[in-house]
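Working notes, structure below.
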Amino acid sequence: GKRSLGYLALAGTSIFWGTTWVAAKMGVERLPPLQLAAMRQCIAGILIIGFYMLFRKMRIPSASQFKKIIIMSILMFIVANAVSTWSLKYISTGLAALIGALYPLNVVLIERFFLGKKEFNRITLLGFIIGLAGITIVFKDHLQTPDLSGFLIGLGMALIANLAWSIGTVFLAHDKQEIDPNYSLGWQMLTGALVLFIIGILTSTSLVPLGDISGKDWMVLSFLILFGSIISFSL
């Protein structure tokens, strides 16, 4: 039934999404974070849009639909995905993934205190405490790092990205969809990628030319595009 498919989707997301942190960490070692995020989103967005246009005969979204697409793109891809990728320049994959994993609890907090939608029960409170305890333990291990300021910058980036992701999730859940969510996802990725490319060009002179990107980095990008963007987001 739908519940079984939901659990399978959750399991698949956990497996694939968890490994993308490691791949992204490998990617930012040689590519500028914004360039990595932009390339990943651009190629994935084009593939998703192309599939729905060719095989599902989808039309270009309307102006009103694009307004929502832009809002989601800012929250989920320009801030959440790109900034979390950038944070990996400063913090470990474990800490970044742990902070990212707290987003469901943030969603509950936002809905409870700002929308009055859900009860904040004991199980939710326990989960929130355990999550904060995990971050505290990992954070404590890095307090002696020589580059404490860099670590704190990365931590702040990860938290901002997490908050944007949580707000985007709440917005998506309470918005009446007038467009296929996966098709909308492709446009969100492509829109976000174009903005990130512009930001990258305006703020950095170290963008890596496509011809200079190594085969290993193209493998990392391919993994992020297929498993991190297309499969995980669709699930």
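Side-chain atoms are counted along with the backbone in the values below, which use heavy atoms only and exclude waters and symmetry mates.
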Heavy-atom side-chain contact between [X] and [Y] under 4.5 Å:
X: Leu155; Y: Ile99; value: yes
X: Pro61; Y: Ile69; value: yes
X: Leu75; Y: Ile71; value: yes
X: Lys89; Y: Glu29; value: no
X: Met189; Y: Ser229; value: yes
X: Val220; Y: Phe223; value: no

Under a 3.5 Å distance rule, please check whether [X] uses its side chain to pair with a backbone N or O of [Y] as donor and acceptor.
X: Ser184; Y: Asp180; value: no
X: Ser73; Y: Gly192; value: yes
X: Lys216; Y: Met26; value: no
X: Thr85; Y: Asn81; value: yes
X: Thr19; Y: Phe16; value: yes
X: Gln35; Y: Val208; value: yes
X: Tyr183; Y: Arg59; value: yes
X: Gln65; Y: Glu178; value: yes

Item to check | Transitive ILVMFWY side-chain link Met219 to Met39, under 4.5 Å | outcome: no
Item to check | Distance, nearest 0.5 Å, that separates CG of Leu185 from CD of Gln41 | outcome: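 Reported to 0.5 Å precision, the distance equals 10.0 Å.
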Next on the checklist: Test ring pair (Phe, Tyr, Trp, His ring centres under 6.0 Å) on Trp17 and Phe233; report intermediate values, then the result.
Outcome noted: CA-CA 9 Å; Trp17 188 250; Phe233 277 105; 5.5 Å; yes
